[in-house]
Amino acid sequence: MDLVALAEISHVVGISPVYKRPRPKTVGSRQLKNKNAHTLDSFAPHVMTGVDKLHAEGIFGKGIRVAVIDTGVDYLHPALGGGFGPGFKVSHGTDLVGDEYDGSNDPVPDDDPMDCGGHGTHGLVSDDVTIAAMLRANEDRHDIISMSVGDGRVGWSEGAVARVASRIAASGVVVIVSAANMLFLSEEEGAILTTRPQM
C-alpha cells in the first residue's frame with residue numbers, strides 16, 4: 001500500500017518515518033571510587049537538581065519504580081547493588097533486541113538487560129523499538145521513565161517517539177529524555193537534541 005492510500009484511510013491519524021538512531025560514541029568514562037559517592041551532598045548532579053535536599057530530608061526514592069531505556073544496565077556494578085532480580089536495586093528488566101542486534105538484523109529479545117558494551121550494545125535502534133520500550137515501561141507501572149535516545153536529527157515534538165513520550169507524561173509518569181548524546185545540530189534537526197515531552 002502506498003503512503004497516499006494509507007493516509008486516506010479514515011482512522012489513520014498520521015504517518016511518521018521510522019528513524020534509526022546510531023549508538024553514541026563513548027568520549028570517556030569515570031568510575032566512582034566509593035560506591036556511596038552518589039549520596040554525597042557535593043555530587044554535582046544532585047546539587048544542581050536538588051536531590052541533595054531530598055536526601056537531607058531522608059527521601060531516597062524507596063518505592064519509586066524507575067524504568068531505564070538504554071542499551072542495557074550493568075547491574076553488577078556495586079552502586080547498583082551488584083545483582084539482578086528480586087531484592088536487588090535492578091529488580092527486573094528485558095533486552096528488547098538481544099545481544100547480537102546491530103540495527104540491520106531482526107531483534108531477538110531476552111530476559112537479561114546487561115549492557116554488553118559499556119554504553120552501547122547495539123549499532124542502531126529504531127523508533128519502533130524505542131516506542132515498544134516506552135509502552136512496556138508504562139504498562140509495567142513505572143513512576144519514572146528515563147531514556148537515553150538523544151539524537152540531533154529528530155528533535156521535533158511531532159515525531160512518533162516524542163508523541164508517545166508526551167502522552168505517557170500527560171498520564172502522570174515522569175519522562176526524562178537525554179540531551180546531547182549526539183552533538184550535531186542544525187535548523188533541520190530540531191530545536192534541541194531530544195524528542196522532548198516536557199523538558
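Counting from 1, the numbers follow the sequence of the chain as shown. Keep in mind that the numbers below use all heavy atoms, side chains included, and drop hydrogens, waters and symmetry copies.
Nearest heavy atoms, M147 versus A165: CE-CB, 4.5 Å.
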Quiz item: Are H77 and K89 close enough, and set up right, to give a side chain to side chain contact (heavy atoms under 4.5 Å, CB included), and what steps lead you there?
Solution: CA-CA 11 Å; H77 192 286; K89 287 183 178 183; over 6 Å; no
Practice problem: Would you sort out whether I64 and I144 count as a side chain to side chain contact (heavy atoms under 4.5 Å, CB included), showing the intermediate values? | Solution: CA-CA 8 Å; I64 301 296; I144 299 170; 3.9 Å; yes
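Atom CG of D95 sits about 4.5 Å away from atom CG of D110, to the nearest 0.5 Å. Remark: D112 CG to D99 CG distance equals 7.0 Å, nearest 0.5 Å. Between the CG atom in N138 and the OG atom in S171 there is a gap of 5.0 Å [rounded to 0.5 Å].
Residues satisfying the side-chain hydrogen bond (donor to acceptor under 3.5 Å, both in side chains) criterion with S104, sequence neighbours excluded, are D102. The side chain to side chain contact (heavy atoms under 4.5 Å, CB included) test applied to L76 returns D74, M114, not counting sequence neighbours. Partners of R167 according to the salt bridge (Lys or Arg N to Asp or Glu O under 4.0 Å) rule, which considers only residues two or more places apart in sequence or in another chain, do not exist here. In this structure V164 satisfies the side chain to side chain contact (heavy atoms under 4.5 Å, CB included) test together with I131, M134, L135, I168, sequence neighbours excluded. By the side chain to side chain contact (heavy atoms under 4.5 Å, CB included) test, F84 pairs with Y75, V90, P113, sequence neighbours left out. For D128, there are no salt bridge (Lys or Arg N to Asp or Glu O under 4.0 Å) partners at least two apart in sequence or on another chain.
Counting side-chain heavy-atom gaps under 4.5 Å among Ile, Leu, Val, Met, Phe, Trp and Tyr, V108 is found in no cluster with other residues. Grouping Ile, Leu, Val, Met, Phe, Trp and Tyr by side-chain contacts under 4.5 Å, direct or through others, puts L54 with I59.
Using a 4.5 Å heavy-atom threshold, the side chains of I69 and I145 count as touching.
H142 places a side-chain N or O within 3.5 Å of a backbone atom of A137 that can act as its donor or acceptor partner. N105 places a side-chain N or O within donor-acceptor distance of the main-chain N or O of E100, the cut-off being under 3.5 Å.
Listed by first and then second residue, the salt bridge (charged side-chain N to carboxylate O under 4.0 Å, His left out) pairs that reach into residues 136-147 are R136-D140, sequence neighbours excluded.
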Ignoring hydrogens and angles, write down the donor-acceptor pairs under 3.5 Å from the side chains of residues 2-12, residues two or more places apart or on other chains.
residue, atom, partner, partner atom, Å
D2, OD1, V4, N, 3.3
D2, OD1, A5, N, 2.7

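No continuous path of ILVMFWY side-chain contacts below 4.5 Å connects V73 to F88, so the two sit in separate hydrophobic clusters.
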